[in-house]
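Before any comments, here is the structure.
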Amino acid sequence: MPQTAWPPLSRTGADAPGPNVRRMQNPDPPIGPTDEDRQADQNLMGVALAEAALAATAGEVPVGAVVAIDGRIVARRHNEREATGDPTAHAEILALRDAATEIGTWRLDDAVLVVTLEPCPMCAGAAWASRIGRLVWGASNPDAGAAGSLYNLGSDPRLNHEYPATGGIRSAECAELLTSFFARHR
């Protein structure tokens with residue numbers, strides 16, 4: 001069953017942000033993804049899965065990511081840590097970089113980031129830093145997940161930006177890619 005985490009409805013008292021914390025432009029959380037969003041999420045995850053399959057073919061951990069704005073894909077990438085020797089070459093980081101270059105600004109507040117594996121703290125932090133509009137992920141990441149499993153960086157009211165996250169989209173397919181890859185490489 002998909003997991004959805006939305007920012008809290010209000011913050012008062014001890015959990016309210018301090019005076020030096022900027023409020024989000026729209027402090028009210030979205031009601032939730034629409035049926036149209038859900039269908040788009042499924043389709044975009046298909047593209048992310050294709051990227052993840054490319055990663056596996058290249059001997060990389062099969063994680064794929066897509067960034068879309070208004071339904072148009074502006075970036076799609078897969079893990080490239082082995083190929084580049086770069087520990088930050090996760091699919092999400094590469095896709096966010098490409099998306100910022102494509103649209104000409106680091107602010108991706110109208111974008112949705114779709115990734116086959118729940119982002120790690122580094123990638124969830126990059127989503128936060130890019131002011132991503134929404135995050136969608138497939139398989140949960142119980143070892144390092146920062147979008148609900150271990151942490152929930154996108155819904156931390158102490159930060160100056162929060163983003164809604166929807167997990168579990170096509171999770172069986174996403175998990176199968178990872179399971180098969182690690183069975184072959186261990």
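- Separating the CD atom in Glu80 from the CG atom in Leu54 is a distance of 10.0 Å, to the nearest 0.5 Å.
- His161 places no side-chain N or O within donor-acceptor distance of the main-chain N or O of Ala127, the cut-off being under 3.5 Å.
- For the residue pair Pro62 and Leu178, the shortest heavy atom distance occurs at O-CD2, 3.7 Å.
- When atom types are taken as modelled, the side chain of Thr57 and the backbone of Ala53 share a donor-acceptor pair closer than 3.5 angstrom.
- Across every non-hydrogen atom of Leu44 and Ala68, the tightest pair is CD1-CB, 3.8 Å.
- Smallest separation of non-hydrogen atoms from Leu49 and Thr116: N-CG2, 3.8 Å.
- Separation of atoms CZ (Arg131) and OG1 (Thr105) is listed at 11.0 Å; rounding is to 0.5 Å.
- Scored by the side chain to side chain contact (heavy atoms under 4.5 Å, CB included) test, Glu176 finds Ser180 as partners (sequence neighbours excluded).
- For the residue pair Ser140 and Leu117, the shortest heavy atom distance occurs at O-CD1, 3.6 Å.
- A side-chain donor from one of Trp128 and Asn160 sits under 3.5 Å from a side-chain acceptor of the other.
- Residues Val67 and Val112 fail the side-chain proximity criterion, which asks for heavy atoms closer than 4.5 Å.
- Rounded to the nearest 0.5 Å, atoms NE2 (His90) and CD (Glu60) are 10.0 Å apart.
- Summarising the geometry, atom CG belonging to Leu113 is positioned 9.0 Å from atom CG belonging to Leu108; distances are rounded to the nearest 0.5 Å.
- With Ser155 contributing its side chain and Asn152 its backbone, the two residues share no donor-acceptor pair below 3.5 Å.
- Between Asp41 and Arg134, at least one side-chain nitrogen of the basic residue sits less than 4.0 Å from a carboxylate oxygen of the acidic one, meeting the salt-bridge criterion.
- Looking only at distances, a side-chain donor or acceptor of Glu118 sits under 3.5 Å from a matching main-chain atom of Asn141.
- A continuous path of ILVMFWY side-chain contacts below 4.5 Å connects Phe181 to Trp137, so both sit in one hydrophobic cluster.
- A salt bridge does not link Arg81 to Asp86: none of the charged side-chain nitrogens sits closer than 4.0 Å to a carboxylate oxygen.
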